[in-house]
Engineer: 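Below you'll find the structure I mean.
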Amino acid sequence: MQTIAHTTPPNQNTAGVSAARSFNYKQAAERLGVSVITVRRWVAAKRLRVQRYSTTCVRIPIEEIERLEKEALV
């Protein structure tokens, strides 16, 4: 019998501060006042760095959001 290790999704991690300080695409778009497609394009163009936990779980650190706000790229 094979055991499967369960991991906690990034935003539900109780020990990690960085996970609680990150956004998914929709949350980042709302914070920046742009569309989700725009955020995805910025990620593809390497204007916005992300943390990839799997192929479907992508988080954008708050530091990246704040950097964009400071640079007034939005």
Side-chain angles (χ1 to χ4, degrees):
M1 180 174 189
Q2 186 180 29
T3 59
I4 299 173
H6 295 281
T7 58
T8 306
N11 273 348
Q12 295 176 4
N13 189 348
T14 57
V17 175
S18 64
R21 295 179 46 101
S22 63
F23 299 100
N24 61 26
Y25 286 125
K26 183 178 178 182
Q27 294 166 333
E30 289 173 357
R31 166 95 183 242
L32 294 168
V34 296
S35 71
V36 174
I37 293 172
T38 299
V39 174
R40 288 181 183 271
R41 286 179 182 157
W42 287 347
V43 171
K46 308 269 191 229
R47 281 179 69 184
L48 192 59
R49 289 184 301 241
V50 298
Q51 297 171 336
R52 295 190 185 274
Y53 294 98
S54 70
T55 55
T56 58
C57 185
V58 177
R59 296 286 179 219
I60 303 167
I62 193 166
E63 293 82 14
E64 284 295 300
I65 304 294
E66 292 170 347
R67 181 183 60 81
L68 279 182
E69 290 173 336
K70 283 182 184 176
E71 293 176 1
L73 296 177
V74 198

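Remember, it's a predicted structure, so these values are computed and weren't measured experimentally. For the single chain, residues carry numbers from 1 onward in sequence order.
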Engineer: Can you find a pair of side-chain heavy atoms, one from F23 and one from I65, that are under 4.5 Å apart?
Structural biologist: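 Of all side-chain heavy-atom pairs linking I65 with F23, at least one is under 4.5 Å.
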Engineer: How many angstroms lie between CD in E63 and NZ in K70, if you round to the nearest 0.5 Å?
Structural biologist: 10.0 Å
Engineer: On a heavy-atom basis, which atom in I60 and which in N24 lie closest, and how many Å separate them?
Structural biologist: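 Minimum heavy-atom separation between I60 and N24: CD1-O, 4.3 Å.
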Engineer: Looking at residues at least two apart in the chain, or sitting in another chain, which of them share a side chain to side chain donor-acceptor pair (under 3.5 Å) with R41?
Structural biologist: none
Engineer: Using distance alone, with no hydrogens and no angle criterion, decide if Y25 and Q27 have a side-chain donor and acceptor under 3.5 Å apart.
Structural biologist: no
Engineer: Under the rule for side chain to side chain contact (heavy atoms under 4.5 Å, CB included), what residues qualify as partners of S54, not counting sequence neighbours?
Structural biologist: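 S54: side chain to side chain contact (heavy atoms under 4.5 Å, CB included) contacts with T56, C57.
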Engineer: Quick check: closest heavy atoms across K26 and V36, and the distance to 0.1 Å?
Structural biologist: CA-CG2, 3.9 Å
Engineer: Between Q51 and R59, is there a donor-acceptor pair closer than 3.5 Å when you use the side chain of the first and the backbone of the second?
Structural biologist: no
Engineer: Would you be so kind as to tabulate the donor-acceptor pairs closer than 3.5 Å made by side chains of residues 28-35, with sequence neighbours excluded?
Structural biologist:
residue: R31; atom: NE; partner: E69; partner atom: OE2; Å: 3.2
residue: R31; atom: NH2; partner: E69; partner atom: OE1; Å: 3.4
residue: S35; atom: OG; partner: T38; partner atom: N; Å: 3.2
residue: S35; atom: OG; partner: T38; partner atom: OG1; Å: 3.0

